[in-house]
K.L.:
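Here it is, the structure, as structure tokens.
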Amino acid sequence: MFLVDAPLVARREVARGMFVLSLDAPQIAQSVRAGQFVNLGWSPGPLLRRPFSVYRTEGDRIEVILKAVGAGTAQLLAMTASDTISCLGPLGHAFDLVAGPRSVALVSGGLGVAPMPLAAREARAAGMSVTWVHGSRTVDELCSEADGDEVIWATDDGSRGFAGTAVSAVPETDVVLACGPNRMLAAVAMRWPDAQVAVETYMGCGTGVCLGCAVPLARGGYDRACKEGPVYRAADIDWSVLPAHLPYAISA
Amino acid sequence: MFLVDAPLVARREVARGMFVLSLDAPQIAQSVRAGQFVNLGWSPGPLLRRPFSVYRTEGDRIEVILKAVGAGTAQLLAMTASDTISCLGPLGHAFDLVAGPRSVALVSGGLGVAPMPLAAREARAAGMSVTWVHGSRTVDELCSEADGDEVIWATDDGSRGFAGTAVSAVPETDVVLACGPNRMLAAVAMRWPDAQVAVETYMGCGTGVCLGCAVPLARGGYDRACKEGPVYRAADIDWSVLPAHLPYAISA
Amino acid sequence: MTVDMAVEVGELRLRGPVLAASGTFGYGTEVPLLERRALGAVVSKGIFLRPRAGTPPPRIVETPSGMLNAIGLQGPGVEGLIRDYAAQWAQWDFPVLVNINGETAAEYGELAARLDGVPGVAGLEINISCPNVEQGGLYFGNDPRAAAAVTEAVRKRTDLPVWVKLTPMVTDIGVIARACEAAGADALTAINTFVGMSIDLNTRQPRLSFRTGGLSGPAIRPLAVHLAHQAARAVSIPVIGIGGIMGAEDALEFLVAGCAAVQVGTATFVNPNAIAEVHDGIAAYLASHGFASLAELPRYLPRD
Amino acid sequence: MTVDMAVEVGELRLRGPVLAASGTFGYGTEVPLLERRALGAVVSKGIFLRPRAGTPPPRIVETPSGMLNAIGLQGPGVEGLIRDYAAQWAQWDFPVLVNINGETAAEYGELAARLDGVPGVAGLEINISCPNVEQGGLYFGNDPRAAAAVTEAVRKRTDLPVWVKLTPMVTDIGVIARACEAAGADALTAINTFVGMSIDLNTRQPRLSFRTGGLSGPAIRPLAVHLAHQAARAVSIPVIGIGGIMGAEDALEFLVAGCAAVQVGTATFVNPNAIAEVHDGIAAYLASHGFASLAELPRYLPRD
Ligand SMILES: Cc1cc2nc3c(=O)[nH]c(=O)nc-3n(C[C@H](O)[C@H](O)[C@H](O)COP(=O)(O)OP(=O)(O)OC[C@H]3O[C@@H](n4cnc5c(N)ncnc54)[C@H](O)[C@@H]3O)c2cc1C
Ligand SMILES: Cc1cc2nc3c(=O)[nH]c(=O)nc-3n(C[C@H](O)[C@H](O)[C@H](O)COP(=O)(O)OP(=O)(O)OC[C@H]3O[C@@H](n4cnc5c(N)ncnc54)[C@H](O)[C@@H]3O)c2cc1C
Ligand SMILES: Cc1cc2nc3c(=O)[nH]c(=O)nc-3n(C[C@H](O)[C@H](O)[C@H](O)COP(=O)(O)O)c2cc1C
Ligand SMILES: Cc1cc2nc3c(=O)[nH]c(=O)nc-3n(C[C@H](O)[C@H](O)[C@H](O)COP(=O)(O)O)c2cc1C
Ligand code: FES
Ligand code: FES
């Protein structure tokens, strides 16, 4: 875990209102794994840091992808190239992508695309073929950057690709990884109990000390999304207790 | 009084760490008088607005002069040309510069220079000759912009002009206007009871409703710096009760 | 769709639920930029029987998302207030309540008697966050008996609507709320400022000349919502929520939590038009959620 | 100039005045980025006798300059705590206190007895912001008799240093502080979180599943400084200040206001190294003002 004052070095738009920020954070770029996140803070800004999956890395840079869903994300998107953002990370447990399985489906809804480019890279390094399945409400909201041997688009309104949810568009693969609104992940859990899902919760610290990021477990009790998670075996979560109305849901 | 979202259009350094910001605020630029102030707010930023004298106007622009003396002023100086600052003003009572007297001394210490360029312009329009007396601790801290028929510099360490305070360097004139640390203004009051001084206080609202900006009066009771002030007849203030450790004092 | 924003607070009918808080709106004669059409009512700066000079500066300190104030209830006293302001108030198209303060229950009673029947004075708000000199300086608002005694002293001497403004620094606000209701209050205002302190590290003394001050602003909002909600659960008279409202969403939190109306204080310092923006934002929320009137807004108010 | 930062809190000698607050530092085994040399002591996450699952999410809501939390004292219970952590604590070069919680005074007593003599446990901090089931759910900390009863129950069953952590939501914190001192507390921690609420305007229900939560962070600092100061004026045992400390200047406000030491909570969430930065900043202030030790810092502590 590193605490880095990272200069904002670039920004690009990848869907309507959805942006990728590049931050210069060498230690994090070199150590992060797919599914892990960084906790971003800035001043003046909100009291608490905001968690974001690492979207891509490139040399000394990490990228995060976001939309303005509240005051904090709006402030991040108002920053200019001279600004510095405090990055704490990498945090949390990564996707498990050890060699063995031959194919993986990366299933994302809306901003749930966030951990997928790194996952694609690691899966390919582990010898898997990658099926990229990305969905959103409508074509304008699809993240234009895709990275799979096969790419499947899905939109609720049918404006591009499969008309329906990303989940219903997934073909057979050995492994399923998913990220998106918690409601979508609950559907993933019904179909693929062994899928690896990256969940979203509100977080206080991101480092395991506050117990604010409670994830209700199917076996009872709670885990910490920031420490034992954010990646879980889909069937291990009690989806009826995990709040669904979080920002991923707003934006997907 | 106007409430204007004013784009920041320019910035220049006029002494070590002392900057002039130009804001596009037409209604205020056209109505402000010397000694009046604007109350600036921005987001994200501190809860309360920050009061600043209007330094100059130019067409639709107003200028304010400041140094980083705390979190708020540091944030203002970190802003870039695309940013917008909320301006409430013009506020308070201006200097009284009606025609009649033939000469005026504009006496300022440190950031107390703030209301003087407008005062010089109005005094000249009222037919007075202007003696500009500006002091600071040392030459680097002198505001380099001066506007008088006669200009007198003063530094505590003698590094430029008169070695001593601005107050002790003032020649005979019909009228004295002064602004600077409250301690300096107390000295002005001793020498020229009829001098017009612009005082500094902490302010809650700037509009007369909170009673936070209390100025203790020699006749007893309190006035509002934002409404009856900030310009007072020097002898009307009870200088023993007015706090001296305010930002003007820090910087002068 | 135009939304019916009118509310009844006891016998007072207000055209809207957003009121100006005492001490943050002067006597209603300043704040030129406010669109007054949106003003439900004004509560004037707190007064005592006699004129008061107030405390020496510094009187305010900014704190994270808040401010401490120790104004010391500077004001002209009741005679000055009636002379200088009441006649103006009588002309306005919204009611003005007077926030009254005393050091003894009898002083509150005298103030009520003096203001009763004065044209322009539409009601009284009792500030019980005042030190009770007869009880060694404890706040009236800290003790249900003292709070009730003050309410009763006022109630007996006036036919005007009587609101009691509760202090937040109590173990159980419900007990105080019920005591004031039983003593004849028409409505409760929840809450006044919390006592706080800030230390200057140069002088190593409090920054405020009065040493302590009242904390207001967004910092206290979650506490105020909770206390207003607790008060609303405890009584059946209307509760007016206050504390840290900066925008319409904040006001809606109080309304959903069971308040009949809200007051806006510190926000007016930052944005002179805050009250109108809060008013319009509430109306927009109601309209977009399909409610034709404020009365239709569902409240979250479980009774134990 | 190196400044002597050591403090004595009762019989506990701490190498520095900056402690990690309960519930914000886990069991001291996380927070890898902290320079531990600066840590005066750790107060572990509050525990009950038996394991507790805690409350369902959402457990936290951010508020202006603060956060509400309702964790529900999730934890392994005293046996799990002793089994999993005490042996590690015994190796560390700073003391660890255990924050203890119960529903009856007897439960607090049992916890004290069980922890007494366990290697690695250097002291107990009694959290009296817990609902007292025998008194219908009122907090122990709201009533001087209940607070004293809990303190006494703990005091009788252990020789460990006993600190009592005061709740801020009381009419007069001095009364509670004196009751705890008289019942045998070695020190007081002031203060725990304030109860607050936040409403979700989509669901029109509280955002927290537990409905209310405890407010921490800079928003409460001016209130905490005042309450810690009031507690310090009321007793002669040491008071440990806490509430909204983000940097050294904030900590110095508490120290000048009469506190012997401070605890840092929410700040650690934002900056894992906050405790070391606060510690070093205090030392720098003392050095630059010519004080050779923390003990020399002049306090503002008028006794009435
Ligand atoms: C591990 C992890 C990884 C993430 N990765 C990404 C990512 O890569 N990209 C991305 O865009 N987002 C990501 N998120 C989500 C992201 O952290 C949030 O969108 C962000 O924190 C929102 O901040 P904000 O200040 O803009 O919004 P906020 O103002 O904090 O809130 C946004 C919305 O949530 C509501 N809300 C706030 N608190 C609560 C509560 N307790 N209960 C219910 N509703 C509440 C608000 O009302 C608002 O509508 C991730 C989250 C986690 C936990
Ligand atoms: C009418 C008027 C006109 C002004 N014009 C100008 C101008 O033209 N240019 C200019 O630079 N400044 C001007 N000032 C002063 C300016 O408003 C302040 O410097 C500014 O508000 C400081 O904001 P800040 O956030 O940077 O500092 P803050 O952080 O608010 O405070 C700065 C310093 O003051 C201390 N402080 C804060 N509150 C108190 C208190 N209650 N008691 C004691 N100390 C306290 C702080 O500790 C800090 O050291 C004017 C003030 C007034 C009233
Ligand atoms: C400067 C100032 C002066 C105040 N004066 C009074 C007063 O005279 N009487 C009163 O009952 N409340 C007074 N209050 C309290 C406010 O009416 C209100 O209860 C409090 O500020 C919380 O609301 P806010 O956060 O919206 O400001 C005052 C508050 C401030 C900030
Ligand atoms: C997430 C969280 C959990 C907490 N858990 C406990 C606890 O178990 N026991 C306790 O006495 N205080 C607990 N507290 C209160 C803190 O120890 C502290 O009193 C409070 O947060 C104020 O300090 P701060 O503003 O520095 O955070 C908790 C606070 C937070 C934010
Ligand atoms: S966010 Fe604090 S424990 Fe996970
Ligand atoms: S600053 Fe509020 S009355 Fe002057």
Side-chain angles (χ1 to χ4, degrees), chain A residues 1-5 27 39-51 70-72 86-91 182 199-217 219-227 229 237-246 249-250, chain D residues 20-34 42 44-46 51-76 200 202-203 205 207-209 213 216-219 244 246 265-274 277:
Chain A
M1 190 190 313
F2 303 94
L3 184 57
V4 183
D5 278 331
Q27 299 99 318
N39 218 356
L40 304 184
W42 59 95
S43 170
L47 173 64
L48 297 176
R49 290 173 180 269
R50 296 288 189 265
S86 170
C87 284
L88 180 66
L91 301 170
N182 290 337
V199 302
E200 187 187 9
T201 66
Y202 287 97
M203 290 192 168
C205 65
T207 58
V209 294
C210 80
L211 308 183
C213 58
V215 174
L217 300 177
R219 64 160 198 270
Y222 300 97
D223 244 9
R224 296 168 296 182
C226 72
K227 208 72 192 177
I237 291 179
D238 180 349
W239 296 98
S240 68
V241 178
L242 192 68
H245 296 283
L246 271 74
I250 296 172
Chain D
S22 179
T24 65
F25 208 76
Y27 303 96
T29 53
E30 318 278 356
V31 199
L33 295 175
L34 178 67
V42 166
S44 81
K45 171 74 192 156
R52 279 167 71 103
T55 49
R59 289 181 171 185
I60 54 175
V61 184
E62 197 179 16
T63 69
S65 299
M67 62 177 277
L68 292 170
N69 86 80
I71 309 298
L73 287 158
Q74 174 178 339
D200 183 330
N202 293 312
T203 62
Q205 296 281 326
R207 282 186 201 273
L208 293 173
S209 74
S216 66
M246 301 302 283
T266 303
T268 290
F269 302 166
V270 180
N271 173 9
N273 199 34
E277 290 176 14

K.L.:
For the residue pair P57(D) and A214(A), what are the closest heavy atoms and their distance?
P.N.:
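Here P57(D) and A214(A) meet closest at CG-O, 3.4 Å.
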K.L.:
Measuring from N69(D):CG to C210(A):SG, what's the distance to the nearest 0.5 Å?
P.N.:
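Rounded to the nearest 0.5 Å, the CG-SG separation comes to 8.0 Å.
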K.L.:
Got L88(A) and L33(D) here, is their nearest side-chain heavy-atom distance under 4.5 Å?
P.N.:
yes
K.L.:
When you compare the side chain of N271(D) with that of L3(A), does any pair of heavy atoms fall below 4.5 Å?
P.N.:
yes
K.L.:
Under a 4.5 Å heavy-atom cut-off, does chain A meet the side chain of T63(D), its backbone, both or neither?
P.N.:
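Interface part for T63(D): neither.
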K.L.:
For the atom pair OH (Y202(A)) and CE (M67(D)), what is the distance rounded to the nearest 0.5 Å?
P.N.:
13.5 Å
K.L.:
Output the option from G220(A), G204(A), C213(A) having the highest count of non-hydrogen pairs under 4.5 Å with chain D.
P.N.:
G204(A)
K.L.:
What closest approach, in Å, do P56(D) and V241(A) show between heavy atoms, and which atom pair accounts for it?
P.N.:
CB-CG1, 3.8 Å
K.L.:
Do R59(D) and T201(A) have side chains that approach each other closer than 4.5 Å (heavy atoms only, starting at C-beta)?
P.N.:
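Of all side-chain heavy-atom pairs linking T201(A) with R59(D), none is under 4.5 Å.
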K.L.:
Ignoring hydrogens, what is the shortest heavy-atom contact between Y222(A) and G54(D)? Give both atom names and the distance.
P.N.:
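Smallest interatomic distance, heavy atoms only, reads CE1-O, 3.6 Å.
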K.L.:
Shortest non-hydrogen contact from P218(D) to L47(A)?
P.N.:
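The pair with the smallest heavy-atom distance is CD-CD1, 3.7 Å.
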K.L.:
Hey, are the side chains of V209(A) and F269(D) touching, using non-hydrogen atoms and a 4.5 Å cut-off?
P.N.:
yes
K.L.:
Check for a donor-acceptor pair, side chain of E62(D) on one end and backbone N or O of L48(A) on the other, with a separation under 3.5 Å.
P.N.:
yes
